[in-house]
Participant: 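First, the structure itself, so that you have it in front of you.
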There are 2 protein chains.
Amino acid sequence: MLTQDGTDLVETEAGLGKQRLRLWLQMLKAVRHVESDLRERLRSGYDMTLPRFDVLAALLAAPEGLKMTELSQQLMVSNGNVTGIVDRLVSDGLAERETVESDRRAFRVRISEQGAIQMREMAAQHLSWIDELFADVSEADAARGISIMLDIRHKVHR
Amino acid sequence: MLTQDGTDLVETEAGLGKQRLRLWLQMLKAVRHVESDLRERLRSGYDMTLPRFDVLAALLAAPEGLKMTELSQQLMVSNGNVTGIVDRLVSDGLAERETVESDRRAFRVRISEQGAIQMREMAAQHLSWIDELFADVSEADAARGISIMLDIRHKVHR
DNA sequence: GATCGAAATTTCAGGCATGAAGTAATTATG
DNA sequence: CATAATTACTTCATGCCTGAAATTTCGATC
């Protein structure tokens, strides 16, 4: 089976598959690279871990608080995982659990005043770290990259 | 300070920073999405975890074996981590440790015959899974994506 | 050829992560 | 309104992951 320009369609598809695999492997490495850099900066500068930071960032953006399930969906991690991280944040005084009037199974997790103060500073730093790490990415590339990532994510399974 | 088209340079930079942050957040979510899908397929189909798969994939591509440090650099994970994963692979009979003649501190990790047989099958599946998950990514997008990922990775720190 | 710094690896403590199983409260269904 | 299915969350076992400290070996310098 030949296309108009004479290339073999099966060959072309196989090549595309390998190119997609290359993209996946590069995405993995890039994410690990950035994560390891951020982890180190958070650790040495703020005695903060990446998972805790991620949770606090979600909470800072939701002043009314979030339910555990909302948190775990937003961060794309398991329920049990969020339980542990929030436990530690609460015992460090950075977040608070608050009962929900209408549903005794659930509660809202809210960032504490102390957490908000610390988080606002870290968020500003975080933004500038990303800007530095992504310095070689132009506005156009960023837009295209975002759209590629959305294409990947919107491929639902199950 | 104004650019030719009248937009404010500082505003533009801040916008670019936020766009880069959006790209980063989308990358994180896309990678978590794909990883969780792959993890589930490896688990249910082959009783295999993602970290073990990553190590075996690296070993399959290096028939002469790899030193622990080479492995950990290639996968971008810590040394101690690789020790544990290789331990489990060896006790499952999927990999072997082999002494290095010239250096008694080091050794090579090599994939076993059984590991290679299993891995060849999984690798073919893996390629088709990625092709499926990345179905909405065109050849041009893949190329652009790869180049963006390389731009991010080549930003060295420290 | 003794010593000293660097390199390859392991060990360990602590935290992160999943999936499965458990508890309790809510909602839907007959 | 009884009960069955669902939802919100926790607990647990197991494995992954890091960073720091320890061990052993290597290589260079004096």
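Order of the sequence lines sets the chain letters (A, B, ...), proteins ahead of strands, with each chain counted from 1. These numbers come from the heavy atoms of this one structure, side chains and all, not from hydrogens, waters or symmetry mates.
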Participant: Would you mind classifying the nucleic acid contact of A:Arg108 as base, sugar-phosphate or nothing, using non-hydrogen atoms under 4.0 angstrom?
Facilitator: nothing
Participant: Sequence neighbours excluded, which residues qualify as side-chain hydrogen bond (donor to acceptor under 3.5 Å, both in side chains) partners of A:Arg108?
Facilitator: none
Participant: Could you pull out the protein-nucleic contacts involving nucleotides 21-23 of chain C (nitrogen or oxygen on both sides, under 3.5 Å)?
Facilitator:
none

Participant: Under the salt bridge (Lys or Arg N to Asp or Glu O under 4.0 Å) test, which residues partner B:Arg104, sequence neighbours left out?
Facilitator: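 Scan of B:Arg104 (salt bridge (Lys or Arg N to Asp or Glu O under 4.0 Å), adjacent residues dropped) gives none.
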Participant: What pairs of residues pass the side-chain hydrogen bond (donor to acceptor under 3.5 Å, both in side chains) test when at least one of them lies in residues 133-148 of chain B, not counting sequence neighbours?
Facilitator: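 Found A:Asp141-B:Arg144, A:Arg144-B:Asp141.
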Participant: Tell me which residues in residues 55-74 of chain A lie within less than 4.0 Å of DNA chain C, going by non-hydrogen atoms.
Facilitator: none
Participant: Could you pull out all residues at least two apart from A:Glu96 that satisfy side-chain contact (heavy atoms from CB on, under 4.5 Å)?
Facilitator: A:Ser112
Participant: Show me the donor-acceptor pairs, under 3.5 Å and distance only, between side chains in residues 114-127 of chain B and residues at least two apart or in other chains.
Facilitator:
| from | atom 1 | to | atom 2 | distance (Å) |
| --- | --- | --- | --- | --- |
| B:Gln125 | OE1 | B:Trp129 | NE1 | 3.0 |

Participant: Would a distance-only check, ignoring hydrogens and angles, find a side-chain to backbone donor-acceptor pair under 3.5 Å from B:Arg153 to A:His33?
Facilitator: no
Participant: What's A:Arg52 touching, base or sugar-phosphate or nothing? Going by heavy atoms closer than 4.0 Å.
Facilitator: sugar-phosphate
Participant: Nearest-Å distance, CG (B:Leu38) to P (C:dG19)?
Facilitator: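 Rounding to the nearest Å, CG of B:Leu38 and P of C:dG19 are 13 Å apart.
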Participant: With sequence neighbours left out, what residues match B:Arg39 under salt bridge (Lys or Arg N to Asp or Glu O under 4.0 Å)?
Facilitator: none
Participant: Suppose the criterion is salt bridge (charged side-chain N to carboxylate O under 4.0 Å, His left out): which pairs have a residue in residues 43-66 of chain B, not counting sequence neighbours?
Facilitator: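 For residues 43-66 of chain B, and leaving out neighbouring residues, the salt bridge (charged side-chain N to carboxylate O under 4.0 Å, His left out) pairs sorted by first residue read A:Arg32-B:Asp54, B:Glu40-B:Arg43.
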Participant: In whole Å, I'd like the distance from the CG atom of A:Asp87 to the P atom of C:dA17.
Facilitator: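 A:Asp87 atom CG is separated from C:dA17 atom P by 14 Å.
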Participant: Which atom pair, heavy atoms only, marks the closest approach of B:Leu75 to B:Val55?
Facilitator: CD1-CG2, 3.5 Å
Participant: When every nucleotide of nucleotides 17-29 of chain D is labelled 5' to 3' by its protein contacts under 4.0 Å (heavy atoms), B for base, S for sugar-phosphate only, - for none, what sequence of letters results?
Facilitator: SBSS---BBS---
Participant: Round to the nearest Å and state the distance from B:Met48 atom CE to D:dG15 atom P.
Facilitator: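 Going from CE in B:Met48 over to P in D:dG15 covers 13 Å.
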Participant: Send over the distance from A:Asp54 CG to C:dA17 C1', rounded to a whole Å.
Facilitator: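 Answer to the nearest Å: 13 Å.
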Participant: Which residue pairs satisfy the side-chain hydrogen bond (donor to acceptor under 3.5 Å, both in side chains) criterion with at least one member in residues 68-78 of chain A, sequence neighbours excluded?
Facilitator: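 side-chain hydrogen bond (donor to acceptor under 3.5 Å, both in side chains) check on residues 68-78 of chain A returns A:Ser72-A:Asn79.
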Participant: Considering residues at least two apart in sequence or located in another chain, which fulfil the side-chain contact (heavy atoms from CB on, under 4.5 Å) criterion with B:Ala106?
Facilitator: B:Lys67, B:Asp103
